[in-house]
Amino acid sequence: MFGRILIANRGEIALRVLRACRTLGIEAVIAYSEADRDSLPVQLADEAICIGPADARRSYLSAPALISAAIITGCEAIHPGYGFLSEDEGFAEAVRAHGLTFIGPPAEVLERFASKEGTRRLLAAHGLPTIPGSNGMLRDDAHALEEAERIGYPVLIKPSAGGGGKGMRMVRTPRELLAALPVCRSEAKAAFGDDSLYLERWLDENRHVEVQIAVDRYGNGVHLGERDCSVQRRHQKIVEEAPSPALDDATRAELCDRAIRAIVAAGYENVGTLEFLLDRDGNFYFIEINCRIQVEHPVTELLSGIDIVELQLRLAAGEPLPFRQEDVALHGHAIEFRVAAEDPDHDFRPAAGVVEAFRAPGGPWVRLDSHLYAGYEVPPYYDSLLGKLIVWGQTREEAIARGRVALDELVVEGLPTNVGLLRALLRNPVFLEGRMTTNLLDRVGATAFLAAAARSA
Amino acid sequence: MTPDEGRPPAAGDRSTDEPKPPSSRPDHAAIERLVEGLLPALAARLGLGDLDEIEVREGGWRVRLRRPAAVAPQSAPEPTGGPERRGASPGAATLGPTGRGSATPLPSSGRGSPTGRGPAGPASRSSPSSLVGIGPAAGSPAVERGSPRGRPRRPVTSPAVGIFRPAAGFAVGRRIRGGDRIGLVDVLGVPHDVVAPADGLVAEVVAEAGQPVEYGQELGFLEPLGPETLGAPPSRAQRPGDAPSTPDTAGTSGGS
């Protein structure tokens with residue numbers, strides 16, 4: 001096991017990785033930008049090293065700065081967190097070339113799964129059903145029209161190089177397709193440096209269900225069950241839970257079993273998540289893989305009792321999986337609420353500012369993964385996630401009840417947040433009945449959703 | 001950083017010409033003597049008000065006590081002595097060994113802090129002075145230096161995280177001009193120039209050749225020169241980084 005690791009990330013995930021390291025007796029060095037000098041993970045780390053200015057391109061996205069920092073502080077490995085360089089095969093390779101271990105899949109595995117369109121084809125070849133989609137990247141508008149005709153409208157235009165909603169548009173007609181293509185290309189180029197696009201059939205009323213997997217260096221793999229991430233706003237997850245209310249036991253078993261078989265056969269390594277869409281008939285289709293720790297990993301941790309970050313560290317250190325599939329037991333129900341600095345009065349645009357008051361909820365089976373503290377200045381340079389509130393219960397109803405109490409106790413003042421939206425979700429009949437699909441919020445818009453909930457409260 | 005002893009080599013050991021962690025252990029008895037005996041005396045001396053800074057060397061250790069500048073430049077980065085070391089008790093100075101030319105960064109306490117409602121941390125926030133840059137120096141008799149009050153010094157800070165390599169002209173007493181390259185920071189073999197932020201005399205060199213430094217770390221300090229003392233710029237052959245030069249005389253044309 002590593003003696004000292006550099007954490008190449010920030011905010012709540014840096015804190016999460018730090019806690020895993022300290023629990024295992026591993027020394028952790030945090031690499032931080034000037035904007036994060038006063039952040040909680042920097043304060044708690046064994047050592048902290050400033051690597052650059054606030055601009056992520058010169059700090060958290062700078063492979064030389066991160067690797068240089070790791071070497072001069074005597075680290076043996078680098079944990080990249082999520083986002084930033086966590087799935088960058090060039091970074092993983094550079095880390096390895098400098099004699100350090102990259103905590104995650106090795107570079108050649110990241111490269112194999114780098115293209116979303118290529119991954120779809122690879123895992124289809126290993127037996128996973130995939131959404132009907134374009135063969136290869138869209139060469140030009142004519143090719144796009146041809147493929148859309150073949151797949152059948154409505155279609156979703158997706159960027160191959162990244163996620164989070166950028167460069168994605170759903171279109172219902174050829175005219176809409178032609179109008180959307182240049183917009184998607186330029187958004188994708190700006191966000192990921194790559195404007196390659198492909199098409200997928202759009203499933204109305206779909207649900208997003210993903211499977212957590214872990215594979216060691218020796219070809220042993222396990223799944224840790226699924227998570228339902230259907231509550232989204234513009235393709236960004238807001239609430240996640242497990243188990244998925246949409247699956248019966250037979251479908252659940254088949255989904256998870258096929259996922260782990262395919263990903264082991266495709267040569268994956270370390271921890272990852274396979275994302276699927278579920279149509280209203282209960283058919284599932286693979287859409288993409290995330291080759292890193294996921295934001296919503298705590299949901300699975302509360303169900304399984306397994307520390308997934310610790311698992312990442314052990315697998316990266318070359319240890320075999322410490323348990324077999326039959327040892328994995330999933331109990332109860334867990335729900336995660338993403339608390340974000342977003343302004344509900346301005347279309348949930350990201351906000352920054354000083355946290356003037358902060359109160360963390362507590363009590364049995366209430367977990368808060370957050371880097372917030374009273375007086376902390378949330379910087380404007382990075383994503384808007386302030387933390388995750390995760391609750392567990394024996395049943396979904398119990399988890400919801402606990403979530404309601406915890407969200408009432410939670411206080412974050414001084415800047416706008418989405419806490420009102422989270423509380424509104426817990427009053428929404430569709431959510432309470434577990435029937436939510438991915439357009440729950442977008443169908444009317446989150447702002448209207450919030451207003452409607454306020455009226456009915 | 002922890003001492004290297006007892007740990008088996010990691011797979012993929014780094015090449016031997018890269019900096020290694022120090023092999024010396026912190027001398028806890030010496031540290032205690034310093035903390036209990038020397039520091040209160042230094043703090044009292046600083047409190048007399050005529051000095052901004054005191055440095056004392058005792059045995060293998062060097063201690064520097066600095067009063068924060070009365071007027072800080074708008075854009076100056078927070079003073080840091082290097083990658084932060086945790087674990088000190090509240091209100092105490094952070095001590096640690098540095099070997100000459102070794103890979104150990106100089107620890108420091110005193111850093112930009114959140115408001116008083118922030119979580120308690122080991123760094124003291126209410127002390128009037130900050131303790132910076134403690135560590136063993138090459139053996140030398142006790143030396144005391146101070147700088148006269150009222151001249152805010154400009155820090156020269158690192159533009160990158162890596163290994164500092166000063167140029168020959170970056171030495172105490174040398175006159176340099178704003179924009180001069182006074183050294184470089186080696187980031188995985190790629191040099192990043194360290195550039196003087198203003199005209200002045202090198203008042204102090206804090207970082208040593210071969211020392212690992214972080215982004216924004218203070219490498220040294222310039223005593224800004226007023227217009228009446230600037231004199232002629234150094235000739236081309238006398239610019240820092242070139243061969244050592246004889247001092248200019250006032251009025252001499254710099255040549256070019």
Side-chain angles (χ1 to χ4, degrees), chain A residues 1-4 6 22 27-34 37-40 42-53 58-59 62-77 94-101 317-318 354-358 371-377, chain B residues 1-4 6-15 18-22 77-78 80 82-87 96 102-105 107 111-123 157-164 185-190 192 210-217:
Chain A
M1 178 47 74
F2 311 108
R4 179 174 263 241
L6 183 93
R22 297 180 83 199
E27 289 181 351
V29 181
I30 297 251
Y32 66 94
S33 80
E34 282 189 316
R37 191 176 295 276
D38 294 328
S39 68
L40 191 52
V42 170
Q43 294 186 31
L44 292 176
D46 297 297
E47 207 168 303
I49 179 163
C50 184
I51 55 167
R58 294 179 54 199
S59 49
S62 169
L66 293 168
I67 296 173
S68 178
I71 290 173
I72 69 177
T73 52
C75 296
E76 300 157 68
V95 169
R96 193 202 59 79
H98 282 89
L100 306 173
T101 303
V354 177
V355 177
E356 284 160 11
F358 172 67
H371 57 294
L372 288 182
Y373 58 86
Y376 172 59
E377 180 164 4
Chain B
M1 265 186 279
T2 54
D4 226 356
R7 203 192 309 159
D13 252 340
R14 304 190 281 283
S15 62
E18 287 182 303
K20 292 197 169 17
E78 296 289 355
T80 58
E84 302 286 334
R85 178 87 41 108
R86 300 287 75 173
S102 80
T104 317
R111 194 173 45 158
S113 60
T115 68
R117 275 181 288 180
T157 60
S158 173
V161 51
I163 305 296
F164 178 51
V185 175
D186 180 329
V187 182
L188 303 182
V190 175
H192 292 242
Q211 180 179 327
V213 294
E214 64 179 4
Y215 178 85
Q217 181 166 340

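Throughout, a chain's letter reflects where its sequence line sits, starting with A, and its residues are numbered from 1.
- When all heavy atoms of B:I163 and A:I72 are compared, the pair lying nearest together is CD1-CG2, 3.7 Å.
- Of the listed residues (A:P64, A:A31, A:G318, A:G52), the greatest number of heavy-atom pairs within a distance under 4.5 Å of chain B belongs to A:G52.
- The nearest pair of heavy atoms linking A:I49 to B:E214 is CA-OE1, 3.3 Å.
- Not counting sequence neighbours, A:R58 has no partner by the salt bridge (charged side-chain N to carboxylate O under 4.0 Å, His left out) test.
- In this structure, A:S59 has no side chain to side chain donor-acceptor pair (under 3.5 Å) partners at least two apart in sequence or on a different chain.
- Of all non-hydrogen atoms in B:G162 and A:S68, the two that sit nearest each other are CA-OG, 3.4 Å.
- Each of A:P53, A:A69, A:A77 has some count of heavy-atom pairs under 4.5 Å with chain B, and the biggest count is that of A:P53.
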